2 protein chains.
Amino acid sequence: MNKINRKVEYALIGLKHMRSKQPGELTTIKELTALYGCPFEATSKVMQMLAGRGLVRSEQGAHGGYQLVKDLSRVSLYEVMEMVIGPVEIAKCLHGEPGGCDLRQSCNVVSPITLLNRRIIEFYRGLAVGELLDGRVAGPRSQPVELRGLVAEAGHQLSGVE
Amino acid sequence: MNKINRKVEYALIGLKHMRSKQPGELTTIKELTALYGCPFEATSKVMQMLAGRGLVRSEQGAHGGYQLVKDLSRVSLYEVMEMVIGPVEIAKCLHGEPGGCDLRQSCNVVSPITLLNRRIIEFYRGLAVGELLDGRVAGPRSQPVELRGLVAEAGHQLSGVE
DNA sequence: TTTAATTACGACTGTTTTAGTCGCAATTAG
DNA sequence: CTAATTGCGACTAAAACAGTCGTAATTAAA
Ligand code: FES
Ligand code: FES
């Protein structure tokens, strides 16, 4: 799916909050709900998803909580969205076979929409969460966030990637 | 809303079909359902919306139908989406007051999301439906489709527009 | 003048998605 | 042992989506 829904919002809220902590300092769900008013269980589950994907680390038990692991300037919005709501798809029609659109055979706009979907994904992949949270949302670049800084070493044959 | 849902799909299907007709030649809903398998009533309503907004023209009665009025290379995807599903909003949270998010007061990511929304809108505004249907989806440009070609006359002080 | 083909429009229904809740287990500091 | 916390699955309620139905209104043609 495509939209920034509640889950993504809670993820961003949590990430922004954790980013401002000292390294090693933990954040509890209780803390997030108190500060930002987001519902406990829902926020909890979102954090668990982020933890499962290694973006944050969880510590259980009495003084447990969550802790940011990665550098948000190296994490794309696409990755976060994918962690909490699955692969970005601008239209249900594009879905892999089961549940996919039944008009696919005769549809005259499948390829334009597929292409558009790719562009949107590129956009989200090129947008670092760190910059987004700082309010710096540049126009999209085709260069995915994960690869930034690797350009120098990787040389010029990057076109074959993916 | 943001997603390319069924309504938008039907609109694009119809537009692409009509675009290939001779000037003055009409297209009926029956024709569209026969060719592309889209449901009659739903498609019908979408065309009525496009007609109400002046993108297509309708002719009633026995040999009636719809006819493309505007040049699709001058119509942005944003405009079409807006005609059939209302203003593009990447997150419900941004909704104008009624129904808007109740966390707005305390939320720490309102402004990043607002900005992101603006970028997405810019993207859709910069994307001509004509080019999209031809499979030419370029990376986003900040120049809205409606203003293209006016650049030469308008000179260089376009930054103040909007 | 009648009939058939078509657009116009509102109300309605069923399905899917979203949002949030509940209950209980597992872990760990004190 | 107890309290605070994460971990997880099942569940419910509400909203959005997709499609249908019924009924006018319009017009070409028989
Ligand atoms: S693929 Fe689903 S309507 Fe075009
Ligand atoms: S404004 Fe709705 S959660 Fe941020």
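These figures come from a predicted structure and were not determined experimentally. Letters A, B, ... mirror the listed sequences (proteins, then strands); counts begin at 1.
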Short side-chain N/O contact from B:Lys92 to OP1 or OP2 of C:dA19, under 4.0 Å: yes
Distance below 4.0 Å between B:Ser58 side-chain N/O and C:dA8 OP1 or OP2: yes
Pair A:Glu122 + A:Arg119: basic N to acidic O under 4.0 Å: yes
d(CG, B:Asp102; P, C:dA19) in whole Å: 12 Å
Among C:dA8, C:dA19, D:dA28, the nucleotide that comes nearest once only the side chain of B:His63 is considered: D:dA28
With 3.5 Å as the limit, what N/O pairs link the protein to nucleotides 23-25 of chain C?
none

Whole-Å gap separating C1' (D:dA16) and CD (B:Glu89): 15 Å
d(OH, B:Tyr66; P, C:dT6) in whole Å: 12 Å
Under-4.0 Å side-chain N/O to phosphate OP1/OP2 contact, B:Asn5 with D:dA16: no
Carboxylate-amine/guanidinium contact B:Lys92 B:Asp102, below 4.0 Å: no
Carboxylate-amine/guanidinium contact B:Asp134 B:Arg19, below 4.0 Å: yes
Identify every side-chain donor-acceptor pair in residues 76-88 of chain B under 3.5 Å, counting partners at least two apart or on other chains, and give the distances.
from, atom 1, to, atom 2, distance (Å)
B:Ser76, OG, B:Tyr78, N, 3.4
B:Ser76, OG, B:Glu79, N, 3.1
B:Ser76, OG, B:Glu79, OE1, 3.3
B:Glu79, OE1, B:Ser76, N, 2.8
B:Glu82, OE1, B:Arg53, NH2, 2.6
B:Glu82, OE2, B:Arg53, NH2, 3.3

Crowding at NZ, B:Lys16 (>12 non-hydrogen neighbours, <6.0 Å): yes
Pairwise 5' ranking along DNA chain C for B:Gly61 and A:Arg6, keeping only the more 5' one: B:Gly61
Nearest-nucleotide pick for A:Ala42, side chain only, options being D:dG7, C:dT21, C:dT28: C:dT21
Nearest-Å distance for atom pair CE/P, residues A:Met49 and C:dT18: 12 Å
Any side-chain heavy-atom pair of A:Gln67 and A:Ser58 under 4.5 Å: no
Check: A:Glu9 side chain, A:Arg6 main-chain N or O, donor-acceptor pair, under 3.5 Å: no
Interatomic distance where CD1 belongs to A:Ile85 and P belongs to C:dA19 [whole Å]: 9 Å
Between D:dT6 (C1') and A:Gln60 (CD): distance, integer Å: 5 Å
B:Lys45 NZ - C:dG10 P separation (whole Å): 9 Å
Base C:dT18 to side chain A:Lys3, donor-acceptor N/O within 3.5 Å cut-off: no
Check ion pair A:Glu59-A:Arg57 (N to O, under 4.0 angstrom): yes
Between C1' of C:dA26 and CD of A:Gln48, the distance in whole Å: 12 Å
Side-chain donor or acceptor of B:Glu31 paired with backbone N/O of B:Thr28 under 3.5 Å: yes
Residues touching DNA chain D, which here means a heavy atom under 4.0 Å, drawn from residues 10-39 of chain B: B:Tyr10, B:Pro39
Under 3.5 Å: donor-acceptor pair, side chain of B:Asn117, backbone of B:Ile120: no
